[in-house]
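Note sheet for the following structure.
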2 protein chains.
Amino acid sequence: MDEPQWLNADELDAWKALAGVLFLLPTALDSQLQRDSDLAMADYMVLVMLSERDDHCMRMSELATSASTSQSRLSRIVARLEAAGYVTREMAPDDRRAVLATLTESGLAKLVAAAPGHVSQVRRLIFDRLTPAQVLSLNEIARALAHPDDHAACDT
Amino acid sequence: MDEPQWLNADELDAWKALAGVLFLLPTALDSQLQRDSDLAMADYMVLVMLSERDDHCMRMSELATSASTSQSRLSRIVARLEAAGYVTREMAPDDRRAVLATLTESGLAKLVAAAPGHVSQVRRLIFDRLTPAQVLSLNEIARALAHPDDHAACDT
DNA sequence: CGGAAGTAGTTGCCGCGTCAAATAAACTAG
DNA sequence: CTAGTTTATTTGACGCGGCAACTACTTCCG
């Protein structure tokens, strides 16, 4: 088996550090949100995405990609949010396969209530630890990594 | 409620991009490893950590922090790995509360078999997309973020 | 029109991770 | 020595996410 190109020392260091972040950050962010607002990050993201729309309304599939989750996961998330009264679901008038999720008043209120604590956690765990220059670098780097499937599925 | 300092535009961009990475990268890495080697990232990390020791042996608690997981998760991971024959567990002779996990021959073989595919996925999803300078930045940034609990739990 | 193929979303099953409680051994005073 | 505390690890209950199968609607094309 022809070994693919191995990682060099810099890459290995970076990878180890990144792996730690990948494991720990989501947990840290999730647990604050869970504890203080009884929401998971993914739930929060969904609420945010909806709130950013003028009509507070989005199709499930669009919502899934915006929130970077699978459709089945999104389906369950929205089901929970609906049960909690934070969103409603209704068939799209133009395409009756599609479902439109709409943020309710109470959902918006929930988001507004949860946001400050979450943002301060994000600030504490991320931006307080970085220089402005590093923030710019992070932006570029994260953008470069943000679409795993692009290169990943060359094997079709 | 006194809103904590909000995020500025750069920070917001960076956060959105990072959030995408935090959601998608672990999934992408996990699914390759799962598909090709029937291991989760966390399992793989545990095997790596053990393999890096001369005696291929580590205490559970140490292993948990090295692999950036909770103790209870680690406990279950090692239980699975033991069931698969990749590690053994035994009481520590000096402190009978502690458990030593040891990598078996077969566990090492598993790791050696899984590594190339995983490394190439890491390369494809991460390092092929970054310049050498970005790799250095990433290293610094990731190190800065790698210890969420430090600042996080100021609220006791 | 009518059937094949594609698209949108949901759900059953199952394994995994978290939380909290339990167990067990090791210190720590009195 | 012994009761109390701390440390190391495991486990039961429970909810969540992934996969694949399924329903329902739409589109394509003859």
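The side-chain contact (heavy atoms from CB on, under 4.5 Å) test applied to B:Ala109 returns no partner, not counting sequence neighbours. Applying the side-chain hydrogen bond (donor to acceptor under 3.5 Å, both in side chains) criterion to A:Asp36, with sequence neighbours excluded, gives A:Gln32. Under the side-chain contact (heavy atoms from CB on, under 4.5 Å) criterion, A:Ser72 pairs with A:Ser70, sequence neighbours left out. Qualifying salt bridge (Lys or Arg N to Asp or Glu O under 4.0 Å) partners for B:Glu52, counting only residues two or more places apart in sequence or in other chains: A:Lys16. Listed by chain and residue number, A:Asp43, A:Arg76, A:Ile77 satisfy the side-chain contact (heavy atoms from CB on, under 4.5 Å) test with A:Arg80 (two or more places apart in sequence, or in another chain). Under the salt bridge (Lys or Arg N to Asp or Glu O under 4.0 Å) criterion, A:Glu82 pairs with A:Arg89, sequence neighbours left out. With sequence neighbours excluded, the residues satisfying side-chain contact (heavy atoms from CB on, under 4.5 Å) with B:Ser68 are A:Phe23, A:Leu24.
Other residues, nucleotides and ligands contribute more than 12 heavy atoms inside 6.0 Å of the CG atom of B:Asp94.
Judged as a side chain to side chain donor-acceptor pair (under 3.5 Å), the pairs with a partner in residues 57-67 of chain A (not counting sequence neighbours) are, in order, A:Arg53-A:Glu62. Counting only residues at least two apart or in different chains, side chain to side chain donor-acceptor pair (under 3.5 Å) contacts with residues 97-119 of chain A comprise A:Glu90-A:Thr102, A:Asp95-A:Arg97.
One N or O on the side chain of B:Glu11 and one on the backbone of B:Asn8 form a donor-acceptor pair closer than 3.5 Å.
Atom C1' of nucleotide C:dT10 and atom CG of A:Leu63 are separated by 15 Å, given to the nearest angstrom. For the pair A:Leu24 CG and C:dT18 P, the computed distance is 11 Å after rounding to whole Å. Spacing between atom CG of A:Leu74 and atom C1' of C:dT11 amounts to 15 Å, rounded to whole angstrom units. Rounded to an integer number of Å, the gap from A:Glu82 CD to C:dT10 C1' is 12 Å. Atom CG of A:Asp30 is separated from atom P of C:dT18 by 10 Å (rounded to the nearest Å). Following rounding to the nearest Å, A:Arg35 (CZ) and C:dT18 (P) show an atom-to-atom distance of 16 Å.
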Restricting both atoms to N or O, compile the protein contacts to nucleotides 22-28 of chain C shorter than 3.5 Å, with distance only.
unit_1: C:dA26; atom_1: OP1; unit_2: B:Arg96; atom_2: N; d: 3.1

Let me have a per-nucleotide readout for nucleotides 11-23 of chain D, 5' to 3', with B, S or -, counting only protein heavy atoms under 4.0 Å.
-> BBB--SBBB----
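Residues from residues 54-62 of chain A lying near DNA chain D, meaning a heavy-atom separation below 4.0 Å, are absent.
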